[in-house]
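Residue numbers begin at 1 in each chain, while the letters A, B, ... track the order of the sequences.
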Amino acid sequence: MPELPEAETIARDLDPRLAGGRVTDITVHHHDVLATDPATFGRQLIGRTFAGAGRRGKNVVLPLEDGGRLVVNLGMTGRLVLSDAPRAGELRHVAVRFTLEDGRSLLYDDTRRFGLLEVFEADAWRERDAELGIEPLGDLFTAGALHAMTRRTRVPIRNFLLDQYRVAGVGNIYALEALFRAGVRPTRRSHTVTRAEAARLRDALQDVLRRAIGNRGTTFSDYRDGSGERGGFEPLLQVYGREGTPCAACGTQIRRRVLSNRSVFYCPACQR
DNA sequence: AACGCGCCCTGTCCGC
DNA sequence: TGCGGACAGGGCGCGT
């Protein structure tokens with residue numbers, strides 16, 4: 001569920017409300033979401049003050065006033081919520097609670113605990129940041145830049161888009177939607193993608209991600225109960241989860257297959 | 001060395 | 001109605 005748009009939405013919500021919050025205590029309910037042991041984690045953060053919230057790829061980045069950072073990878077089911085948020089009391093899988101000086105708490109909730117919380121000091125974060133791929137909504141993500149990258153590898157283009165060390169922030173859902181809009185089959189080897197296709201893919205990726213952010217990052221996953229934001233991006237999905245239904249462009253049945261242990265959906269007529 | 005695959009974990013859904 | 005099994009996607013570690 002959480003890809004770039006979800007991380008962006010969380011960061012925007014948190015930014016003004018978390019700034020100035022000083023950590024006075026940390027309770028770890030599930031240590032497997034931490035990069036270190038709980039005692040070390042506590043020593044790293046207690047007494048330090050959040051400066052706000054941002055994003056890098058799919059990571060929510062919480063800068064500290066002294067230049068360090070708490071970096072949160074949300075995995076599949078991670079959420080970051082302040083205790084005074086409307087539905088904070090409904091969280092059922094709180095893994096870590098950060099008590100703040102003003103009495104509020106920052107809660108990290110993660111049902112499946114695929115997420116990871118890690119503290120970086122300034123230098124270490126610069127290194128980590130440099131390892132991550134290009135930001136798909138950034139100025140550097142041009143058609144030429146994307147094409148130069150795709151030409152250098154033979155991996156299927158869907159796998160290329162999922163690799164956080166190439167393009168940072170794209171997950172399976174938005175990758176497949178962008179490939180459909182660009183008319184490129186997910187299994188196509190990256191190096192065969194033409195310049196024109198790379199240009200369409202860049203535009204499609206940006207369009208899909210921006211629309212998703214406009215919908216507050218709401219994807220299909222929370223449609224079944226009204227526990228969170230209602231409405232959402234799901235009606236906008238044109239191929240993901242639509243096996244057997246007619247393609248919106250040509251009517252051909254959408255096909256599903258498995259690529260690298262993960263579902264791929266595409267229109268066999270529109271995507272070459 | 002780039003790449004593919006299995007696994008981590010839980011909730012939901014489907015078929016018997 | 002209950003239950004087992006398949007399935008979901010992110011990322012890491014390992015084998016090739």
Atom [atom1] of [X] and atom [atom2] of [N]: how far apart are they, to the nearest Å?
X: Met76(A); N: dT10(B); atom1: CE; atom2: C1'; answer: 11 Å
X: Asn159(A); N: dG10(C); atom1: CG; atom2: C1'; answer: 13 Å
X: His191(A); N: dC3(B); atom1: NE2; atom2: P; answer: 11 Å
X: Asp163(A); N: dA2(B); atom1: CG; atom2: P; answer: 11 Å
X: Arg79(A); N: dG10(C); atom1: CZ; atom2: P; answer: 16 Å
X: Tyr240(A); N: dC7(C); atom1: OH; atom2: P; answer: 13 Å

Under 4.0 Å: is that the gap between some side-chain N or O of [X] and OP1 or OP2 of [N]?
X: Thr111(A); N: dG11(B); value: no
X: His93(A); N: dC9(B); value: no
X: Arg113(A); N: dC7(B); value: no
X: Thr77(A); N: dC9(B); value: no

Does [X] reach a base, just sugar-phosphate, or nothing at all? Heavy atoms under 4.0 Å.
X: Arg256(A); answer: sugar-phosphate
X: Arg158(A); answer: nothing
X: Asn261(A); answer: base

* Base versus backbone protein contacts along nucleotides 11-16 of chain C [heavy-atom cut-off under 4.0 Å; B, S, -] -> BS----
* To do: Using the P atom on both, measure dA1(B) against dG11(C) and round to a whole Å.
  => 25 Å
* Asked: How far, in whole Å, is dC9(B) from dC3(C) if one measures between their P atoms?
  ->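 dC3(C) and dC9(B) have their P atoms separated by 23 Å.
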* Asked: For Tyr266(A), which residues count as a ring pair (Phe, Tyr, Trp, His ring centres under 6.0 Å) partner, sequence neighbours excluded?
  -> none
* **Results of ring pair (Phe, Tyr, Trp, His ring centres under 6.0 Å) for Phe120(A) - residues two or more places apart only** => Trp125(A)
* Structure fact -> With both pairing distances under 3.5 angstrom for Watson-Crick or G-U wobble, and | for a partner in another strand, the correct string for DNA chain B is .|||||||.|||||||
* Asked: Regarding Arg262(A) and Asn159(A), is there a side-chain donor-to-acceptor distance under 3.5 Å anywhere?
  -> no
* Taking only residues two or more places apart in sequence, or in another chain, which ones meet Asn59(A) in a side-chain hydrogen bond (donor to acceptor under 3.5 Å, both in side chains)? ->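 Checked Asn59(A) against side-chain hydrogen bond (donor to acceptor under 3.5 Å, both in side chains); matches are Asn73(A).
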* Structure fact -> By side-chain hydrogen bond (donor to acceptor under 3.5 Å, both in side chains), Arg195(A) pairs with (sequence neighbours left out) none
* Do Leu74(A) and Leu107(A) sit in the same hydrophobic cluster, where Ile, Leu, Val, Met, Phe, Trp and Tyr count as joined when their side-chain heavy atoms come under 4.5 Å apart? ->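 No, no single cluster joins them.
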* Asked: Checking Arg202(A) side chain against Leu146(A) main chain: does a donor-acceptor pair fall under 3.5 Å?
  -> no
